[in-house]
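The chains referred to below are lettered A, B, ... by the order of the sequence lines, with proteins before strands, and numbering in each begins at 1.
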Amino acid sequence: MTRMITNPRAHLVAALFLLGATTSSHSQERATTLAPVPVFVEEAAAAGIDHQYKGAWEFFVGGGVAVFDCNADRRPDLFIAGGEAPAAVYKNRSLVGSALSFQRLPSGLSDRLETKILGAYPLDFDNDGIMDLAVLRLGQNILLRGKGECRFENANRDLAFDGGREWTTAFSALWEEEQAFPTLAFGNYVDRSAPGSPWGTCHDNFLFRPTSSDKAEYSDATRLSPGYCSLSILFTDWNRSGSPSLRVSNDRHYYRGGEEQLWALPKDRPPKPYRRSDGWRHLKIWGMGIASIDLNVDGYPEYALTSMGDTKLQMLDDEADETLPIYRDIAFERGVTAHRPYTGEDIRPSTGWHSDFQDVNNDGLWDLFIAKGNVEAMPDFASFDPDNLLLGQWDESFVEVGDIAGIGLDRRGRGAGIADFNMDGLVDMVVVNRESPVSLFRNIGAGDKNTVKPLGNWLAVEIKQPGQANGNAVGAKVSVKVGNRTVVRDVQVGAGHASGQAGFLHFGLGVSERANVRVRWPDGSWSHSYRVFANNHVLINRGDEKVRLWYPPSEN
Amino acid sequence: MSTQKSLLRVFSGRTSVLPIALAALAFSTPVMADNMKAANHPWDEHVLTKDMPFSDYAGADSDALQSLIDFGETLFSGKFTPKDGVGRPDATQAIVPTKRRRPTNLAFQRLAGMDANSCASCHNSPVAGGAGDFTANVFVSEGFESADFDTIDPQFSNERGTNALFGAGLVELLAREMTADLQAQRRSVLKEARASGADAKQELSTKGITFGSLTAHPDGTLDVAGLEGVDDDLIIRPFGQKGVFASLRQFTVNALNQHHGIQASERFGARWTGTDDFDGDDVSDEISTGQVSALVAWQATLAPPQRREDLPKEWAEAASTGEKLFSDIGCASCHRPTLPLESSVFLDPSPVENAGTLRTSEVDAPITIDLAETPWGKSLERDAEGRLLVPLFGDLKRHRIADAARPTLGNELLGQRFVARDVFITAELWGIGSTSPYGHRGDLTTLHEVIDAHGGAATDSRKAYSDLDEAQRQSIIAFLRSLEIPQ
């Protein structure tokens, strides 16, 4: 069943039927949200975005988007992978609170280099204050140096970086302690050249530590072996040690004897995988995308892992030794398994890809988005497989509202980004779909097509370390306190599915009209508490006594 | 809480199409708050005896509005009971919904609250809606870390006198217009900086009151370090001794919870807390948007204080002299005799409101009350431009009012809502002849004492007052005592 509901009123009716105990196959399992449901309007075409992710087998995976500011106007721009089609750069021309508007720009890449791209992650690898891109490209990864005005150049040669010949499907980066330049991790998929490919022929992953302290240079790679066909990786401080490890989510479809992985990264020593004797427990999933957030603000992040079938949500097992990475799957008790389509007649298992925790309704609770879509035409998995929007509830559960919110389209989602493209305090979404147009959803809150109506109060926070390496403070933690509640978000590069984003961190404040913000900078030192009023974009430079405010443009 | 019950409660508001439709279609019985369910008897011990559907009063005629205002008076003066939702065993007094960490054995207590049985139990001098004696002081604490303090030690709370509410509707309208002015100036300077590609500075001023300056940069960033007397968001918040609340509605929702444990759905309801009984007193959705509007409407339409017209000749002459001296020695630089008001139309909800207090976007149309059409409104003076002259003797701006030499008016240890301990909004002096005792703590029994307590930014004026001879000082007292709340 591939019927698509595009009319918000129809969504309402659908919701009513669900609540009114109809004959729908889903009526018995749908919980009802008490949190307010945001309404999303799909307006990619009107906004000037016409793009599809296409290609044969190698492009069944990937389909990422980088969301970042490439022209120094603080508006989030887009770099969208195209697979066999060229990647596309879109400059954000949206005005505050308006309909979304983007302008396609030339990427500056050669025709050859702008094809076969699976995904991209923004970071400033050369510390020049201009965002760069790590581009996952089939056969040769590229480190694209930002030149300003959304222009880029291939910096592989200058960085002594060997883009390799792998089928790279995952990326993460981190400025390790006392390093001027980031450590780069590339996660690879199937080794197509190995005998017996694709079964059991996963390629190793690679870690590039900077080889010079004077300039960005990556002449040596460390092999992370074995690799198990990773589709998402993330540097993460899972144990609050201050020394992040590398979390790797792998696709069991191709590996043999593999599992999910966690690599320790001891300083000046080779990486080492956690094993059972270290507490690591065997887990096999079709790992597609990691999303990380500290739900209970205990300093130990939780991880959502998308897969085919049920999504996992891992929390450190509180009955185990807290120094060991022993996780409990709380997905079922929290209602985020999202294991099959929540609407329509197709009850075969779902296929999950990109995922991200954001607060889409500004109620102060994290929500979980999951891009969904059949790999291509896998008969045992749902064909109509709409993206999920799981709203966080005050009882710590999550409730599915994708259809009511208007994002349940009949498209095969892959990568995605969630950012406030029109800077009105309601985060919007871009979803890259395989062999279908990119979806661009504008969040209109409690409104309708003609009117935007706000939900809860919000705060957007940009942090910087001017004049220092790692100017964007990757590895920092931002803590926002409202009353007795605190929410935290880490500044990270990685995770998701082939999609990364940089820029403002968005926080919902619920009914509070002010908040206290603290920053734990990457070196572990905490800032003082900044006092901020809600519904503002605030800028914090390291060492600032007081925040500055930013007001988005109201005209171009 | 059963699912059906929770749905009833969640969707009983009028704030969203979806909830209305869900409630209408899913349930055939009328949606009523618990406190409305039981049959009413003339002897019932409760106050919230009827709902006041907000939409019934949006755009309503004067008769309907009068019934809203009348019910507001009933609510303001009535003594709330558990049937109304009195009690917050699970919640603190905090403005942001906050759970208690442990139960309290005292439902009522004068410090952390609940501390009052009705609004008028404190706001009663000289009549309901007025100020309060020292006995009616409140203890202001955020209600987060020390929610159950049982001491008047100022490290836990700030003790404050009860403010009078007469003329509050005009004050809020002035604040709204000033906010709009300041924010327009912000837009202007941001636009200028973007257009010129160079930094731009804007001196902020509205209704003749200056609020420091803003510096905008071409990239849209704004330096707010030069602001004076207003929050960084440029919202004038005229209410409370400190000047930290923007609207009567916001203050009312706060006070209902703090003082009575009655939680308004628009802040404490299931949409924002996941439950329709956040305070755990077994009363759901304790006060509706329309009922809050009744309280707002009554407060907003309270007549402004006025000058006594029947003064004996000696007093009248002294007051005349004193009014001139009041201006000459600089008191009127902050205690501005009048501020001009462009529009007398009071809209509820306010266009300047954040989530947690009913917003314009959450209603189909606001409740509209033209204060100029009230009996007292018709007698207000207007300037040559036709603007109402609001004789508040204030500037709706915050100033540092205490220092080491004169600490009394800043004799607190805790800041409030980001405002330092010794900074307060200029007290409006209209009605001061009816509102002794004086000072933020209500601990100064005479006008002379409170004038003499001025420090900080008011030091020069206070010294000038001290330098006057006794007869001149008395004339200022005579003038101030002529400013009374109507009875």
Side-chain angles (χ1 to χ4, degrees), chain A residues 9 11-13 15-16 19-20 31-37 39 72-74 362-365 393-395 404 445-448 451-458 482-485 509-514 516 531-539 545-555, chain B residues 3 6-7 9-10 15-19 21-22 25-26 92 94-99 101 142-145 147 186-187 190-191 194-195 214 216-217 219-225 231-233 235 246 250 266-276 353-357 359 361-362 417-418:
Chain A
R9 300 288 175 191
H11 290 303
L12 168 61
V13 173
L16 292 171
L19 290 166
T32 306
T33 179
L34 295 176
V37 180
V39 177
D73 67 357
R74 287 197 169 83
N362 291 332
D363 62 354
L365 302 170
Q393 309 290 311
W394 285 97
D395 65 0
I404 305 170
D448 54 38
T451 316
V452 179
K453 293 186 177 179
L455 290 167
N457 299 319
W458 56 274
V482 169
N484 280 346
R485 291 191 75 241
L509 300 185
V511 296
S512 182
E513 60 174 3
R514 63 203 174 106
N516 286 284
R531 297 167 163 184
V532 298
F533 283 89
N535 306 328
N536 278 302
H537 291 80
V538 302
L539 314 177
E545 183 183 342
K546 194 173 178 186
V547 301
R548 291 169 301 137
L549 302 176
W550 178 70
Y551 288 86
S554 55
E555 55 187 52
Chain B
T3 303
S6 70
L7 285 170
R9 301 298 164 243
V10 174
T15 54
S16 155
V17 172
L18 175 61
L22 287 170
L25 290 176
T92 78
I95 292 166
V96 179
T98 303
K99 288 285 188 186
R101 291 182 176 161
E142 290 199 314
F144 299 137
E145 301 303 329
R186 180 177 65 198
R187 284 193 296 276
L190 284 162
K191 187 174 178 181
R194 281 192 185 276
L214 292 174
H217 304 290
D219 66 352
T221 56
L222 191 70
D223 186 343
V224 295
D231 292 320
D232 291 353
D233 58 5
I235 293 176
Q250 183 191 26
E266 62 199 74
R267 170 106 35 98
F268 297 88
R271 183 166 59 141
W272 301 121
T273 64
T275 171
D276 53 9
E353 212 70 87
N354 291 319
T357 306
R359 293 169 289 187
S361 62
E362 294 171 308
R417 296 178 73 76
F418 299 167

Most contacts with chain A, counted as non-hydrogen pairs under 4.5 angstrom, among [options]:
{"options": "B:Thr92, B:Val224, B:Leu190, B:Thr273", "value": "B:Thr273"}
{"options": "B:Glu142, B:Arg186, B:Arg267", "value": "B:Arg186"}
{"options": "B:Thr357, B:Asp233, B:Ile95, B:Val96", "value": "B:Asp233"}
{"options": "B:Arg194, B:Lys99, B:Glu266", "value": "B:Arg194"}

What part of [X] is in contact with chain B, defined as an atom under 4.5 angstrom from a non-hydrogen atom: side chain, backbone, both or neither?
{"X": "A:Val452", "answer": "neither"}
{"X": "A:Leu549", "answer": "both"}
{"X": "A:Asp395", "answer": "neither"}
{"X": "A:Glu545", "answer": "neither"}
{"X": "A:Arg74", "answer": "side chain"}
{"X": "A:Asp363", "answer": "both"}

Pick from [options] with the largest number of heavy-atom pairs that fall under 4.5 Å of chain B:
{"options": "A:Leu365, A:Leu509, A:Val532, A:Leu539", "result": "A:Val532"}
{"options": "A:Arg485, A:Glu513, A:Gln393", "result": "A:Glu513"}
{"options": "A:Asn536, A:Leu455, A:Thr451, A:Asn362", "result": "A:Leu455"}
{"options": "A:Val547, A:Asp73, A:Asn484", "result": "A:Asn484"}

### Query
Side chains of A:Glu555 and B:Lys191: closer than 4.5 Å at any heavy-atom pair?
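Side chain of A:Glu555 against side chain of B:Lys191, heavy atoms only: contact under 4.5 Å found.
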### Query
Is there side-chain contact between A:Arg514 and B:Arg417, with at least one heavy-atom pair below 4.5 Å?
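Yes, their side chains come closer than 4.5 Å.
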### Message
Can a donor-acceptor pair be found, under 3.5 Å and without considering hydrogens, that links the side chain of A:Asn457 to the backbone of B:Ala355?
### Response
yes
### Query
Are any side-chain N or O atoms of B:Trp272 and backbone N or O atoms of A:Ala35, one a donor and one an acceptor, separated by less than 3.5 Å?
no
### Query
Closest heavy-atom contact between A:Pro454 and B:Arg359?
O-NH2, 3.5 Å
### Query
Considering residues at least two apart in sequence or located in another chain, which fulfil the ring-ring contact (aromatic ring centres under 6.0 Å, His included) criterion with A:Trp394?
none
### Task
Tell me, please, which residues at least two apart from A:Phe533 pass ring-ring contact (aromatic ring centres under 6.0 Å, His included).
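ring-ring contact (aromatic ring centres under 6.0 Å, His included) check on A:Phe533 returns B:Phe418.
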### Task
Give a yes or no on whether a salt bridge exists between B:Asp232 and A:Lys546, defined as a side-chain N under 4.0 angstrom from a carboxylate O.
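The answer is yes: the pair qualifies as a salt bridge.
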### Message
Assess, by modelled atom type and distance only, whether the side chains of B:Arg187 and A:Tyr551 contain a donor and an acceptor separated by less than 3.5 Å.
### Response
no
